[in-house]
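Please read the structure below before turning to the comments.
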Amino acid sequence: MHVPPYDEETVTALVTVATAAPSLHNAQPWQFCWRSAARTVELRADLRRAMPRTDPDHRALHLGCGAALFNLRVAAAHLGLDIQSRLLPDPSDPYLLAAVRIGGLGPPDREASTLFPAVERRHTSRQPFADRPVPADVQQALRDAAAREGAQLLFPGAWHLEALLDHVRDAEGRDALDPERLEDLRRWTHRGAQATDGIPDHALGPRPRSGRAPVRDFAGRRHVPGRPTAAFETAPNLALLGTGQDRPADWLRAGQALERVLLLATLNGLATALSSHALEERDLRELARDPASGMGFVHMVLRLGYGTPGTASPRRPVTEVLDLL
């Protein structure tokens, strides 16, 4: 089998795919460095893109970087490259999140390679979904995908679903009473047409007219010309992604699991969206878990369904996020 050389063009291609990952408010909080002598790609947290009000412990930042790391793994497998990745390889440098050595021992990850077509198709959808359940076999496949990365995916029962929706409404009410809570949100919306990050107006989706789906209205009270209203689903399909522990390494594993689940869902014809609104306050996050499930800590609420795929959000040029040494 021909293995592509470890040149700058190959590394640039890998990182380009990595940066298609989702991140909180599309802040893209990652920085990559290619160390050619060691054949290693380093993934670092870009703290300039952190959100002190929404994400003070940088948990969401780690989730986004974990998702980017998984995309890099998918891209390497697609190119026939074997890689070895280490999380948090330097205890003295906590924001060096991963080191990925290209060309280690063993064959490429064939299962990850099958997910490659979904990378450019996966976009967060803020559109209505059909009131149609996700089939049991698809649910199980998504659970298995999360488990492969050391995480757990849970589809809540009726009482748990109602509780989650109540928590979202609680978070919305807190926003209304404390405008400072929206400081991070304002930073990453209201972006100009040339912005390469954040949430642009064209990706906002319609303003909900009815329904019970937990769709965050990133425009707030701002009028967006030409933005329609729509009826959203009354029985949303939600899933919780979590881990047993709540440490930075767990957050990185959860981010990789999140992206594996999202890509597999996309291949199965599902539109996907992420909701962290009810997880941004410690007390609401603790209430989000089902004590009977064995899930220790919830990291993300996923909204899944059959409907209009999401719209692509902007991405920073790879030259801004990749250093070649």
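Annotation: ring-ring contact (aromatic ring centres under 6.0 Å, His included) contacts of F155 (sequence neighbours excluded): none. Contacts of F297 classified as ring-ring contact (aromatic ring centres under 6.0 Å, His included), with partners at least two apart in sequence or in another chain: none. Contacts of T229 classified as side chain to side chain contact (heavy atoms under 4.5 Å, CB included), with partners at least two apart in sequence or in another chain: R207, R209. In this structure, the salt bridge (charged side-chain N to carboxylate O under 4.0 Å, His left out) partners of R148, at least two apart in sequence or on a different chain, are E111. With sequence neighbours left out, the side chain to side chain contact (heavy atoms under 4.5 Å, CB included) criterion links D137 to P135.
Annotation: the span from L324 atom CG to D7 atom CG amounts to 10.5 Å, rounded to 0.5 Å. Going from atom CZ of R49 over to atom CG of L47 covers 12.0 Å, rounded to the nearest 0.5 Å. Within the model, atoms CG of L63 and CD of Q256 stand 11.0 Å from one another, a figure rounded to the nearest 0.5 Å. Taken to the nearest 0.5 Å, the CG atom of L302 stands 5.5 Å off from the CG atom of L262. The CG atom of D82 sits 10.0 Å away from the CZ atom of R101 when rounded to the nearest 0.5 Å. Expressed to the nearest 0.5 Å, how far CG of D57 lies from CZ of R59 amounts to 6.5 Å.
Minimum heavy-atom separation, L241 to A257: CD1-CB, 4.2 Å. Shortest non-hydrogen contact noted between N71 and A18 is CB-CA, 3.5 Å. Considering every non-hydrogen atom in both D109 and A112, the closest pair reads OD1-N, 3.0 Å. What you find for G269 and Y306 is that their closest heavy atoms are O-CD2, 3.7 Å. Across all non-hydrogen atoms, the minimal contact from L284 to A278 is CB-O, 3.2 Å. Residues N237 and G305 share a closest heavy-atom pair of ND2-CA, 4.4 Å.
Considering only heavy atoms from C-beta on, W30 comes within 4.5 Å of V321 through its side chain. A 4.5 Å side-chain heavy-atom check between Q84 and I102 finds every atom pair outside the cut-off. In this structure the side chain of T40 never reaches within 4.5 angstrom of the side chain of V100, judged on heavy atoms. The side-chain heavy atoms of L97 and L88, taken from C-beta on, include a pair separated by under 4.5 Å. The side-chain heavy atoms of R253 and L87, taken from C-beta on, include a pair separated by under 4.5 Å. Between L69 and L252 there is no side-chain heavy-atom pair separated by less than 4.5 Å. Put simply, the side chain of L24 reaches to within 4.5 Å of the side chain of T54, judged on heavy atoms. Between V215 and F232, some side-chain heavy-atom pair lies under the 4.5 Å cut-off.
In the model, R315 has a side-chain atom that pairs as donor or acceptor with a side-chain atom of N26 under 3.5 Å. Side chains of R143 and Q139: a donor on one and an acceptor on the other come within 3.5 Å. Remark: the T243 side chain and the H299 side chain contain an N/O donor-acceptor pair separated by less than 3.5 Å.
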Checklist entry - Does the side-chain contact (heavy atoms from CB on, under 4.5 Å) test come out yes or no for F32 and V11, once each step is laid out? => result CA-CA 10 Å; F32 295 85; V11 173; over 6 Å; no

Item to check | Pair L185-T189, side-chain contact (heavy atoms from CB on, under 4.5 Å): steps then yes or no | outcome: CA-CA 6 Å; L185 184 61; T189 56; 4.1 Å; yes

Item to check | R227/D217 under salt bridge (charged side-chain N to carboxylate O under 4.0 Å, His left out): CA gap, chis, key distance, verdict | outcome: CA-CA 12 Å; R227 185 186 180 201; D217 189 352; 3.0 Å; yes

Next on the checklist: Could you go through H167 and R285, starting from their C-alpha distance and side-chain angles, then the distance that decides it, and tell me whether this counts as side chain to side chain donor-acceptor pair (under 3.5 Å)?
Outcome noted: CA-CA 9 Å; H167 299 156; R285 183 181 173 219; over 6 Å; no

Checklist entry - Between R222 and D201, does a salt bridge (charged side-chain N to carboxylate O under 4.0 Å, His left out) hold up when you go through it step by step? => result CA-CA 11 Å; R222 178 170 61 98; D201 285 353; 3.0 Å; yes

Next on the checklist: I'd like to know whether L115 forms a side-chain contact (heavy atoms from CB on, under 4.5 Å) with H78, so could you lay out the CA-CA distance, the side-chain angles of the two residues, the decisive distance to 0.1 Å, and finally the verdict.
Outcome noted: CA-CA 9 Å; L115 299 173; H78 175 71; over 6 Å; no

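No donor-acceptor pair under 3.5 Å is formed between the side chain of D197 and the backbone N or O of A27. A donor-acceptor pair under 3.5 Å is formed between the side chain of R122 and the backbone N or O of A20. Judged by distance alone, with hydrogens and angles left aside, the side-chain atoms of D55 form no donor-acceptor pair with the main-chain N or O of M51 at under 3.5 Å. Checking side-chain atoms of H160 against main-chain N and O of A288 turns up a donor-acceptor pair under 3.5 Å. Side chain of Q28 to main chain of P314: a donor-acceptor pair is present (N/O by atom type, distance under 3.5 Å, no hydrogens or angles). In this structure, the side chain of D184 engages the main chain of R53 through a donor-acceptor pair within 3.5 Å. Between the side chain of N268 and the backbone N or O of L270, no donor-acceptor pair lies under 3.5 Å. Of the possible donor and acceptor atoms, none in the side chain of T266 sits under 3.5 Å from a partner among the backbone N and O of R121. Without hydrogens or angle criteria, S125 side chain to T308 main chain gives a donor-acceptor distance under 3.5 Å. One N or O on the side chain of H202 and one on the backbone of A312 form a donor-acceptor pair closer than 3.5 Å.
Using a 4.0 Å cut-off between a side-chain N of Lys or Arg and a carboxylate O of Asp or Glu, R35 and E8 do not qualify as a salt bridge. Under a 4.0 Å N-O distance rule, the pair R44/D93 qualifies as a salt bridge. Salt bridge status for E233 with R303: present, with a side-chain N to carboxylate O gap under 4.0 Å. For the pair R73 and E149, the salt-bridge criterion is met [side-chain N within less than 4.0 Å of a carboxylate O]. Here E162 pairs with R212 in a salt bridge; the nearest charged N to carboxylate O distance falls below 4.0 Å.
The hydrophobic cluster around L161 extends to L154, L164, L165, L238, L240, L279, M295, V298, V301, counting ILVMFWY residues whose side-chain heavy atoms fall within less than 4.5 Å of a member.
A single hydrophobic cluster is not seen to contain both L258 and L43; linkage of ILVMFWY side chains at heavy-atom distances under 4.5 Å, directly or through other members, places them apart. No path of Ile, Leu, Val, Met, Phe, Trp and Tyr side chains, each step under 4.5 Å between heavy atoms, connects V168 with I199, placing them in separate hydrophobic clusters. V15 and L96 end up in different hydrophobic clusters when Ile, Leu, Val, Met, Phe, Trp and Tyr side chains are linked at under 4.5 Å. There is no path of hydrophobic side-chain contacts, each under 4.5 Å, that joins V74 to L79.
More than 12 heavy atoms of other residues, nucleotides or ligands sit less than 6.0 Å from atom CD of E320.
Between F218 and H25, the ring-plane angle classifies as perpendicular under the 30° and 60° cut-offs.
The cationic atom of R260 (NZ for Lys, CZ for Arg) does not lie both less than 6.0 Å from the six-membered ring centre of F70 and within 45° of the ring axis.
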